[in-house]
Amino acid sequence: MCGIVGYVGTRRVVPILLEGLRRLEYRGYDSAGLVYHFENQLVRYRAKGKLVNLEKVVDEHIGVASSTGLGHTRWATHGAPTENNAHPHTDCTGELVVVHNGIIENYSALKKELTGKGHTFTSETDTEVLAHLIEDCLQGDLVAAVREALARVEGSYAIGVLWAKEPELLVAARNHSPLVMGVSSDACYIASDIPALLPYTRDVIFP
Ligand code: GLU
């Protein structure tokens, strides 16, 4: 188990991500990370251990003027619980990020194929294949690329994906792993469980 929180709206995103992750702490984790859009780039922070370590790293950016982001608490299945293996994971360009809960069963074959195509991996996780696979499928339409990539994936997943070129788009998908969506008048949310959404909305969708 682990935790995913995502937000696209009008409020400052970092406090929403951290509060959401705090509300998912009961699920257990060994590291944490978050990413937000800022000036056409994705800015990522990760830390080993408790959420308080991530809070220290993010510290002075808590009030950053960004209103799109993803947060993750990881329970390592593939690769040690290090900062480098913590989510979000990126594609080769750093312009696409993925958070993932679950296990990609065929990650080894996909990694071999993608490495053969020139993709460079920087972590030991199964998750990172998702970032490179989506990158490989991406031709301007992120939703189409995620669909195409997931058609090749075996295993369990809840994922959130952001792309630097689409600041107001958060793509999410799930297969077996839990993920809920929330909506309010000015925002959309994703989370591994309802408690992360309760401060903001009671309007919850179960995809
Ligand atoms: N399998 C992934 C990893 O080891 C995700 C683990 C999780 O669900 O937190 O990074």
Side-chain angles (χ1 to χ4, degrees), residues 1-7 17-35 42 44-55 57-58 69-92 94 96-115 119-135 146 149-150 152-162 170-181 189-197 206-207:
M1 294 224 288
C2 73
I4 289 176
V5 182
Y7 176 85
L17 299 178
L18 289 172
E19 176 61 18
L21 292 179
R22 230 171 271 129
R23 287 169 167 262
L24 297 173
E25 274 194 299
Y26 76 90
R27 299 168 65 77
Y29 65 100
D30 50 49
S31 52
L34 62 79
V35 62
L42 292 169
R44 174 175 69 149
Y45 295 93
R46 300 179 294 170
K48 189 179 163 179
K50 289 288 168 199
L51 216 43
V52 66
N53 298 342
L54 179 66
E55 283 167 350
V57 177
V58 179
L70 283 169
H72 186 269
T73 45
R74 174 180 188 232
W75 187 312
T77 65
H78 294 63
T82 59
E83 180 187 330
N84 196 54
N85 286 332
H87 301 208
H89 287 288
T90 75
D91 68 345
C92 295
L96 186 141
V97 296
V98 176
V99 294
H100 164 231
N101 167 212
I103 292 175
I104 307 303
E105 305 286 356
N106 61 337
Y107 88 97
S108 189
L110 290 171
K111 188 169 179 174
K112 201 169 162 201
E113 178 189 321
L114 290 160
T115 305
H119 289 263
T120 306
F121 283 74
T122 59
S123 81
E124 303 159 326
T125 64
D126 53 336
T127 299
E128 196 185 345
V129 297
L130 293 174
H132 294 281
L133 191 57
I134 296 167
E135 175 186 19
V146 172
L150 291 179
R152 303 212 39 218
V153 167
E154 290 159 22
S156 60
Y157 52 80
I159 63 167
V161 187
L162 292 178
L170 188 170
V171 179
R174 66 174 288 261
N175 183 40
H176 299 303
S177 302
L179 193 74
V180 296
M181 293 170 58
Y189 306 79
I190 58 167
S192 301
D193 199 2
I194 294 170
L197 305 182
F206 298 88

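Read the numbers this way: they start at 1 and go in the same order the structure lists the ligands and their atoms. This is a predicted model, so every value here is computed, not measured.
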> Between the side chain of S156 and the main-chain N/O of I103, is any donor-acceptor distance below 3.5 Å?
Replying inline: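 A pair under 3.5 Å: yes.
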Using a strict cut-off of 4.0 Å, indicate which atoms of ligand 1 neighbour a heavy atom of [X].
X	answer
W75	6 (C), 7 (C), 9 (O)
H78	4 (O)
T127	2 (C), 3 (C), 5 (C), 10 (O)

> Mind checking whether H72 and H87 have parallel, tilted or perpendicular rings, split at 30° and 60°?
Replying inline: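 Answer is parallel, since the angle falls under 30°.
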>> Between E19 and R22, does any NZ, NE, NH1 or NH2 come within less than 4.0 Å of an OD or OE carboxylate oxygen?
In response: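 Yes, charged N to carboxylate O under 4.0 Å.
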> So is N85 polar-close to ligand 1, meaning N/O to N/O under 3.5 Å?
Replying inline: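 No; every N/O pair is 3.5 Å or more apart.
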>> Using a 4.0 Å heavy-atom cut-off, which part of N101 comes near ligand 1: side chain, backbone, both, or neither?
In response: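 Near ligand 1, N101 shows its backbone as well as its side chain.
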> What part of T77, side chain from CB on, backbone N/CA/C/O, both or neither, has a heavy atom under 4.0 Å from ligand 1?
Replying inline: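 Within the 4.0 Å criterion, T77 contacts ligand 1 through backbone and side-chain atoms alike.
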> Of all the heavy atoms in G102, does at least one lie under 4.0 Å from an atom in ligand 1?
Replying inline: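 Distance cut 4.0 Å: G102 passes for ligand 1.
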Taking C-beta and beyond as the side chain, do [X] and [Y] meet within less than 4.5 Å on heavy atoms?
X	Y	answer
I134	D91	no
N53	K48	no
I159	L150	yes

